[in-house]
Each structure stands twice: as structure tokens, then as C-alpha cells.
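Everything below concerns the one structure shown next.
Proteins get letters first, then strands, A, B, ... in listed order; numbering begins at 1 in each.
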2 protein chains.
Amino acid sequence: MLTNQSVKLTNRLVETSRERLLAAAAAEFAARGFAGANVDRIARAARVNKAMIYYHFKSKAALYREILREMFAAVAARVAAVEASEAEPADKVRAFVEAIATAAEARPHFPPIWFREIAEGGAHLDAGTLAHVTAVVKTLGRIVQEGHSRGCFERTNPMLIHAGIIGPLLLYFASGPMRKRLASAGVPGVAALSRDTVVAHVQRVAVTALQGHGV
Amino acid sequence: MLTNQSVKLTNRLVETSRERLLAAAAAEFAARGFAGANVDRIARAARVNKAMIYYHFKSKAALYREILREMFAAVAARVAAVEASEAEPADKVRAFVEAIATAAEARPHFPPIWFREIAEGGAHLDAGTLAHVTAVVKTLGRIVQEGHSRGCFERTNPMLIHAGIIGPLLLYFASGPMRKRLASAGVPGVAALSRDTVVAHVQRVAVTALQGHGV
DNA sequence: GTCTATAAATAGATAGAC
DNA sequence: GTCTATCTATTTATAGAC
């Protein structure tokens, strides 16, 4: 019994070659993009033979799609949970912001890869992953709609709110290295910009825009 | 005299091979990134022999840097003009937003390339171009500072405002193809999102955040 | 300035042994 | 599941003629 359990524990604690490949690939794709990524480098970083990439995945492209799928499935799940909660519309919007931030933070590769996919028009998104993306946007749309029906939000294009949330958040989380260079160049305030400050600001801005108050 | 003039006019009206290469390369780099870009394809799109790339520019990398340099020099110039104007702080912030939007619109390749550079930590930015980037951010910092000194703005980290401006604007201008796919997938409000709506929203949000009013 | 031909290196992918 | 060796295609870059 103890033996069986320790085997199971070991299987969970020790990363499999597949998991190590996924982690190394995520970092490589984030740093260099799909075209710039190199399968040899991915294998080396994962301390795994290159041929294993083609054993576990069909191709470099399939490996990349796998990473995209996990990313967007995770945000979609978080956001769905937000919508399903009992909170009032304004709090759901705040939770939506927090959900995006949390998902992005848990995956440092997420924001840069998302940026690149946007730049590429979602060229690598398969149907299933695209469905996750649209689900996220539609969910925010329904939250905004619900707020409007209840009389707490003014009529607002949800895509505007979406851009106001996703834009600054992704920019913040994707720009770590860039911000370091700006800080070195003497730009004031860059170093002081914390995750919590950004999230709070985005939350406030989104809710304020929705509530209007004749602004 | 007439001959001389017509020659000069011709030289201005007819794109040189160098100009055609720059235009084709900008589109290629925007669509596929630096690593994904292909010099053969650039040459073909420019209707120019591939060897001309190496005649006019030193390498693929040098060609890319040339495009980066022009992009950021243009925004830096626009933004400097905004700061030099006689407008009051809030209007300078609005003009800053408009300047970014105008520069981005005039160069469809600009937003996607900027996104990719952020994702890559500015790996391709040479010292001169990085100076342009920092100049833009610092300029906004001074406008915010000026507003605070004059008592019209609350004390605010300028980087927060910067992220709130650049994030949504770049996202909007870079996401044209992606938005089309979302519209096809039935996401409401995507098609209705106009450039002017986004710019006005970003302006309002930035100024409101700066003015505070105890929010 | 423009073109052809080609060098030289890189990188995705697979066969086949263990 | 893992590894070695290798094939093949792609692609940046240049030499040299016109």
C-alpha cells in the first residue's frame, strides 16, 4: 500500500518528458514566436532528445497548438466561473479582470504568445481554441448585458470594455523585459508599476466606463 | 527646365526599388514577424530582385531595423509636437492619444510589429530606436507631471496611464483580422467598433483617471 | 542598379536500433 | 520510451556578369 502510493506520488511529482517539453516549448514560443522557435533548442531546454518531440506530438505546429489550446481553455474556464457566480454585475466585471490577470500570471508565456497571435490574425488557432477565445469575449458581453438589464450599466459596446481590459493587462504582463530596459533608460515610474496597481486600475476604469454617471 | 522638373517629379512619383522593398518588408514583418519573414517573398512582393535587398540594405536584420527606426521616430516626432503645443494638460493627453492612433493608422504594420517587439523584449531595437521609444514614454510623463503641478491632475504613475492608452489602441489597430474572425463567430459588437469610438474612449478614460475626482 | 547562379548554413522531420 | 544518424527542404547571403 505504501509502495503503491509512493509510486503514484512519484509519477505526479516527477515531470514526464512530455510535460518538460511542453514547459520548454511554451517558453521558447513566447520568447521567439512560432517561426523563430527552434525544436533543437526546445529539446535541449527540456533535457529530452529531439525525436521525443515527434513521438509525443505530431510536429512543431501540433506542439504549438497544444500550448495555445491549454492557454485559452484555462481563461475560458476561469471566466465561465466568474459568470456563473452570484456576484452583482460590477463585481463580475472586476472578477473578470482578476481572472484574466490570474490566468496570465500563472503562465508567463501566455501574454507574449497572445500578442503574437493577435499580430498574426490568429493564424495558428484551430477551431476548438478559437471557440474558447470567442467564449471569453461573449461572456464579458453577457455580463455587460446583464448589468444593463438590471439598470446598473449604461448601454456600452462590450468590445470597447474588452479592449480596455485585455489591452493594458496583456501589455503589462508581456512587457516585463521591455520595462526593464525602459527603467534602465531612466523612465520614471516604470519600476514602481506593480501587478496590483495595474489590475486595480483596469478594474476601476472598466466599471467606471460601464456605470457612466453621465461622463 | 520642363525636362528637369518632370524628371524630378518622376523621381518622386515613381517608387524606387528601395521604397518598394521597405513597403513590402513592412507588410511581411507585420504579418509573419522577423523570424517568419522571408526575403524571397519580400522581393517578389516588391517586384524587385532579391539581390537588391542586400544591395540597398546590409541584411534582413538591417532592413527590419530600418523599419523599426522609421516607426518609432515618427511617433516620437508626433508626440514631441503635442508636448510643445500650448494646449492645457488634459488636451495634451487627448492629443497624445490621437497622435499614437494617427501614427498607427498611417502605418498598418506598426501595431503588429510593436506587439511582437514587446513580446520579444525589444530584442531588435538598436540604441537610437530605443531612445525614440523612451522619449515617447518620458514625454507622457512630463505632460502628467505638468498637469499635477498646475493642479489639474492627481498624482498618478504615468506608466499606468501609458499602459491604459497604448494597450487598447495597439490592440484595436493590430487586431483587425482577429476581429473579423470573432465577428464571423457571432461575437456581438465587434463589427460596430470604430476607430473613433476607441480613440474617444481611450481619451476619456485617460483624462478621467488623471483628474480623479475622488474616484 | 539589376540579374543569375550558387554557396553555406539552418532546421524540421524520420528511420531504425535499443 | 529513448537515442543516433541522417535526409531533405528551406533560406540567408554572396559572387560575378551585364
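The shortest distance between the side-chain N/O atoms of A/Ser17 and the OP1/OP2 oxygens of D/dT2 is below 4.0 Å. Proximity of B/Asn49 to the phosphate of C/dT4: a side-chain N or O atom is located under 4.0 Å from OP1 or OP2.
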_One pair to check against salt bridge (charged side-chain N to carboxylate O under 4.0 Å, His left out): B/Glu120 and A/Arg116. What are the steps and the verdict?_
CA-CA 10 Å; B/Glu120 227 138 320; A/Arg116 292 184 199 268; 2.8 Å; yes

*Given the rule in the side-chain contact (heavy atoms from CB on, under 4.5 Å) test, do A/Phe110 and A/Val75 qualify, once you have shown the distances and angles that lead to the verdict?*
CA-CA 10 Å; A/Phe110 189 3; A/Val75 232; 3.5 Å; yes

*Starting from the C-alpha separation in whole Å, work towards a yes-or-no answer on salt bridge (charged side-chain N to carboxylate O under 4.0 Å, His left out) for B/Glu19 and B/Arg47.*
CA-CA 11 Å; B/Glu19 288 164 341; B/Arg47 302 189 318 281; over 6 Å; no

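B/Ile42 has its CD1 atom 12 Å from the C1' atom of D/dT11, to the nearest Å. For B/Met52 and C/dA5, the CE to P distance is 18 Å, given to the nearest whole Å. Rounded to a whole Å, the CD1 atom of B/Ile53 is 12 Å from the P atom of C/dC3. The distance between atom CZ of B/Arg44 and atom C1' of C/dT4, rounded to the nearest whole Å, is 16 Å. At whole-Å resolution of the value, OH in B/Tyr55 and P in C/dG1 are 4 Å apart. For A/Arg32 and C/dT10, the CZ to C1' distance is 14 Å, given to the nearest whole Å. Note: CZ (B/Arg47) to P (C/dG1) measures 17 Å, nearest angstrom.
A donor and an acceptor atom, one from each side chain of A/Arg179 and A/Ser175, are located under 3.5 Å apart.
Only one option out of A/Arg78, A/Arg195, A/Lys92 pairs with A/Glu98 in a salt bridge (charged side-chain N to carboxylate O under 4.0 Å, His left out); it is A/Arg195. Checked options B/Phe29, B/Phe72, B/Tyr64; the residue passing with B/His124 is B/Tyr64 (criterion: ring pair (Phe, Tyr, Trp, His ring centres under 6.0 Å)).
For A/Thr156 against A/Ala209, the heavy-atom pair with the smallest separation is OG1-O, 4.3 Å. When every heavy atom of B/Val199 is checked against every heavy atom of B/Ala101, the shortest pair comes out as CG2-CB, 3.7 Å.
Using five terminal pairs a side, the axes of the helix from C/dG1-D/dC18 to C/dC18-D/dG1 at its two ends make an angle of 0°, given in steps of 10 degrees.
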*What is the per-nucleotide protein-contact pattern of nucleotides 11-18 of chain C, from the 5' end, where B denotes a base atom under 4.0 Å from a protein heavy atom, S denotes such proximity for sugar-phosphate atoms only, and - denotes neither?*
SBBB----

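The main-chain N or O of B/Asp126 is never found under 3.5 Å from a side-chain atom of B/Arg65 such that the two would form a donor-acceptor pair.
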